[in-house]
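Written out below as structure tokens is the structure these notes cover.
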Amino acid sequence: MFEFDSKIPEKDDDVYHFVAFVPYKGRVYELDGLKPGPIDHGSYTDDWISVVRPLLQTRIAKHAATEITFNLMAVVADKLMDLQKQLENVMGDEALAGGIKEKIRVEEEKRANYKIENIRRKHNYLPLIMEMLKILSEKGMLLPLTLKAKEKIAAKDAPKKESSMS
């Protein structure tokens, strides 16, 4: 029913991999899986990001503004754990503790929502979709709905075509 492209990348194909910048003992190192070892980008005093920022900006500038050939991710401390530590430190002050407790509640609510979203994202909806298409087809509704959808798309695209021709 479905085919998957199992193309094996060739030498000239783009290779996607991870690169990490790590502060270690006062120096910033780049760990690139395609390089033989770590690359030392120099020392830093307070803010190691100030060393990494120009490197990232230079690399991003090499690509056209319309290209999306990279992702930027950060590994950060667990916000909930940080809030719980803050709460422990202000146990005597109810005003501060109340604000922190509210932030903890919001963070826990976010995590509960993330969990639900992740379940939905991983769920296989294909059987449901196939069954719905089968039912619509059996009732003679699939073709009219398909034609109606194509008409809507054509009507939506018509102004775009007219403006590009003028």
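Keep in mind the model is a prediction, meaning the values are calculated, not measured.
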Flag the pair [X] / [Y] as yes when at least one side-chain heavy-atom distance between them is below 4.5 Å, and no otherwise.
{"X": "K115", "Y": "R111", "value": "no"}
{"X": "L31", "Y": "F18", "value": "no"}
{"X": "R59", "Y": "V19", "value": "yes"}
{"X": "K156", "Y": "E151", "value": "no"}
{"X": "N89", "Y": "M91", "value": "no"}
{"X": "V22", "Y": "V28", "value": "no"}
{"X": "I49", "Y": "Y44", "value": "no"}
{"X": "K101", "Y": "E94", "value": "yes"}

Please find the pair of heavy atoms, one from [X] and one from [Y], that lie closest to each other, and give the distance.
{"X": "H41", "Y": "V51", "value": "O-CG1, 3.7 Å"}
{"X": "I100", "Y": "L83", "value": "CG2-O, 3.4 Å"}
{"X": "R120", "Y": "Y125", "value": "O-CE1, 3.2 Å"}

Is it true that [X] and [Y] fall in one hydrophobic cluster, defined by side-chain heavy atoms closer than 4.5 Å?
{"X": "W48", "Y": "I39", "answer": "no"}
{"X": "L145", "Y": "L142", "answer": "yes"}
{"X": "L136", "Y": "I129", "answer": "yes"}

Would you sort out whether K110 and K79 count as a side chain to side chain contact (heavy atoms under 4.5 Å, CB included), showing the intermediate values? CA-CA 11 Å; K110 267 198 294 187; K79 192 172 184 177; 4.2 Å; yes
Quick one: [atom1] on [X] to [atom2] on [Y], what's the gap to the nearest 0.5 Å?
{"X": "D40", "Y": "Y24", "atom1": "CG", "atom2": "OH", "value": "12.5 Å"}
{"X": "M81", "Y": "Q86", "atom1": "CE", "atom2": "CD", "value": "12.5 Å"}
{"X": "M132", "Y": "M130", "atom1": "CE", "atom2": "CE", "value": "12.5 Å"}
{"X": "L80", "Y": "I104", "atom1": "CG", "atom2": "CD1", "value": "6.5 Å"}
{"X": "Q84", "Y": "K103", "atom1": "CD", "atom2": "NZ", "value": "14.0 Å"}
{"X": "I116", "Y": "N118", "atom1": "CD1", "atom2": "CG", "value": "11.0 Å"}

Return yes if a side-chain donor-acceptor contact under 3.5 Å exists between N113 and E117, otherwise no. no
Would you say T58's side chain and P54's backbone share a donor-acceptor pair under 3.5 angstrom? yes
